[in-house]
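Following: one structure in structure tokens, then a few remarks.
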Amino acid sequence: MPSIVGIPSKEGHEECNERLDQNHVADLTAINVSLPAEKFLQAAISLKDQVVEATWKGGGGRDSGQSLDTTVYKGLLGTAFTCLRSYEVTGNHHDLLLSAEIIDTCALLAPTLTRHPTFLCGRGGVYALGAVVANYRSDPLRRDYFVNLFLEVAQERALPSGPDEGGFGMPYELLHGRAGFLWAALFINKHLGQETVPMDLLMPVVEAVLAGGRAGVSDTTACPLMFRFHGTRYWGAAHGLAGILHVLLHFPLSGEDAEDVKGTLRYMMRNRSPHSGNYPSSEGNPRDKLVQWSHGATGIAITLCKAAQVFSSDREFRDAAIEAGEVVWKSGLVRKVGLADGVSGNAYAFLALYRLTGDSIYEERAKAFSSFLYYNARKIVTAGHLHGADHAYSLFEGLAGTACLWFDMLSPESSKFPGFELE
């Protein structure tokens, strides 16, 4: 595997969300999309080791003190998550030990560094990952310690406060809001048992999210649910509808609630670009440039795949997911490598479609994007199209996400977008 090294510069930052030109897209036709699984495994292990060296062993994780970013999204917990994914694939207990060490460091700092209860950007990620890793290590005392810390978060009064109780203060979205807290709880319950975080703590939060979505609809918008983050009505997975709806689809919904979720998805499907088929980044935004997980067709395709599973009798969601996947295939080679807004995240749209349909074309497309990264990730990094050196090895903005993708290419039928998909 080519060595992936280099310090990215900030030059070209304004154009880093643009798609690669047609010469780069044409490169896919020259890629051997049948790279053997062992190539992806070797590349994933090598890159995981580089991530650990750059973010943990190199001193950044041990000596940075209060400047340390502890989040899963672009901080040290992303390295812990990557080590956990490596352990799940390879069974290497050293990776599990590394993950536990990183989590313990983050746990010491988490209460002072973040007020968010979420998995990707808050305390929820520290405690959820801590509980799951401790469970893998057969350490019930440490597992229960982290579960109890998470249960303390779950009992914070702001989480289930609906609009009638002045509950607009906490955001609803995935990165910093209630949906992100709910995802952390789902992650714990998936690994440790369905009532580890009791549903009687979670359903009031689900109901508060639905109530907030209904209250956020304007008179001019024929959409059942709408949310604002910093004043903007986002549609994407990071801050908007796609992320919130994806989480809601994991919970038992009443008939009325299910209809509102379906109606919101239908509203989005009706209002996508008539020219490209892409989805706007926010309500009323005419720009059609972003094809990524954070904003655009990628995150919405993955949410539509989940909707197609939950509402299996409604063929329209399956069809819309496939159409969104076509947008990603045509325009998804972007100028970054990460999960949030890069090629790695876009490849997961094909993996979600492969799991939904069983059609081998989506596995082949995921392999094509993964192979493109195998040969070009170093060029993309050294060309300076990341946010900066601090995040070059992070999970959502850098190369740790690419390592997770390559691990998932060993078993596409059980792949999961980190921090977003659960099955």
Side-chain angles (χ1 to χ4, degrees), residues 12-22 24-25 171-177 179 212-246 260-305 307 316-317 319-336 338-343 345-346 348-349 352-353 385 387 396-397 420:
H13 175 66
E14 292 302 319
E15 60 180 351
C16 63
N17 283 323
E18 295 178 3
R19 302 155 198 174
L20 297 175
D21 61 32
Q22 290 304 308
H24 287 87
V25 176
Y172 294 96
E173 44 84 86
L174 190 68
L175 263 62
H176 307 98
R214 292 181 182 118
V217 176
S218 68
D219 294 336
T220 59
T221 302
C223 184
L225 303 172
M226 189 61 70
F227 305 86
R228 292 178 185 269
F229 183 69
H230 294 313
T232 300
R233 293 171 290 179
Y234 288 107
W235 280 32
H239 297 302
L241 288 170
I244 296 168
L245 297 179
H246 189 268
D260 280 352
V261 169
K262 289 195 282 187
T264 302
L265 289 169
R266 288 169 180 148
Y267 173 83
M268 298 169 73
M269 290 152 55
R270 288 195 305 269
N271 289 279
R272 65 190 186 273
S273 169
H275 305 292
S276 69
N278 192 27
Y279 289 77
S281 61
S282 60
E283 181 74 9
N285 191 332
R287 296 180 68 218
D288 180 18
K289 293 186 67 176
L290 303 180
V291 179
Q292 52 187 240
W293 175 81
S294 295
H295 306 288
T298 302
I300 294 171
I302 296 171
T303 295
L304 287 167
C305 285
E316 60 191 310
F317 299 122
D319 292 343
I322 290 171
E323 291 173 7
E326 290 302 308
V327 175
V328 180
W329 177 243
K330 293 174 183 176
S331 302
L333 282 181
V334 292
R335 293 182 181 272
K336 293 186 183 180
L339 294 175
D341 44 18
V343 180
N346 287 348
Y348 273 101
L353 283 163
H385 293 298
H387 279 244
F396 268 70
E397 295 187 358
F420 191 55

Practice task
Using a 4.5 Å cut-off on heavy atoms from C-beta on, say whether the side chain of Pro224 contacts that of Val217.
Solution key: no
Problem - Test item: Ser282 side-chain N/O and Asn285 main-chain N/O as donor-acceptor pair under 3.5 Å - result: no
Exercise for the section: Flag the pair Tyr267 / Glu283 as yes when at least one side-chain heavy-atom distance between them is below 4.5 Å, and no otherwise. Expected result: yes
Fill in the blank from the handout: Taken to the nearest 0.5 Å, the spacing of Arg335 CZ from Gln292 CD works out to 13.5 Å
Exercise for the section: Assign the ring pair His176 / Phe229 to parallel, tilted or perpendicular, where the plane angle (0 to 90°) is split at 30° and 60°. Expected result: parallel
Practice task
Determine, stepwise, if the pair Arg214 / Asp260 fulfils side-chain contact (heavy atoms from CB on, under 4.5 Å).
Solution key: CA-CA 9 Å; Arg214 292 181 182 118; Asp260 280 352; 2.7 Å; yes
Handout entry: Shortest non-hydrogen contact from Ala242 toward Ala237
Key = CB-N, 3.8 Å
Exercise for the section: Answer yes if the side chains of Asn346 and Thr298 hold a donor-acceptor pair under 3.5 Å, and no otherwise. Expected result: yes
Handout entry: Rounded distance (nearest 0.5 Å) linking atom CD1 of Ile244 with atom CG of Leu225
Key = 9.0 Å
Problem - Contact check, side chains of Arg272 and Asn278, non-hydrogen atoms, under 4.5 Å - result: no
Exercise for the section: Check whether any side-chain heavy atom of Trp293 lies under 4.5 Å from a side-chain heavy atom of Phe420, and answer yes or no. Expected result: yes
Practice task
Measure the spacing between OH of Tyr348 and CG of Leu339 and express it to the nearest 0.5 Å.
Solution key: 6.5 Å
Practice task
Check whether any side-chain heavy atom of Asp341 sits under 4.5 Å from a side-chain heavy atom of Val334, and report yes or no.
Solution key: no
Completion exercise
Between Leu290 and Ser281 the two heavy atoms that sit nearest each other are CD1-CB, 4.3 Å
Practice task
Using a 4.5 Å cut-off on heavy atoms from C-beta on, say whether the side chain of Tyr172 contacts that of Arg228.
Solution key: no
Handout entry: Shortest non-hydrogen contact between Cys223 and Thr264, atoms and distance
Key = SG-CG2, 3.7 Å
Problem - Side-chain heavy atoms of Glu173 within contact of Tyr234, under 4.5 Å - result: no
Handout entry: Note, His239 side chain near Thr232 side chain (heavy atom, < 4.5 Å)
Key = no
Problem - Minimum-distance pair of heavy atoms, taken over all atoms of Cys305 and Leu353 - result: SG-CD2, 3.7 Å
Exercise for the section: Could you grab the distance from atom NE2 of His246 to atom CG of Leu265, nearest 0.5 Å is fine? Expected result: 11.0 Å
Exercise for the section: Indicate the atoms forming the closest heavy-atom contact of Leu304 with Ala321, along with that distance. Expected result: CB-CB, 3.7 Å
Exercise for the section: Indicate the atoms forming the closest heavy-atom contact of Tyr279 with Ala324, along with that distance. Expected result: CE1-CB, 4.3 Å
Completion exercise
Taken to the nearest 0.5 Å, the spacing of Arg266 CZ from Lys262 NZ works out to 5.5 Å
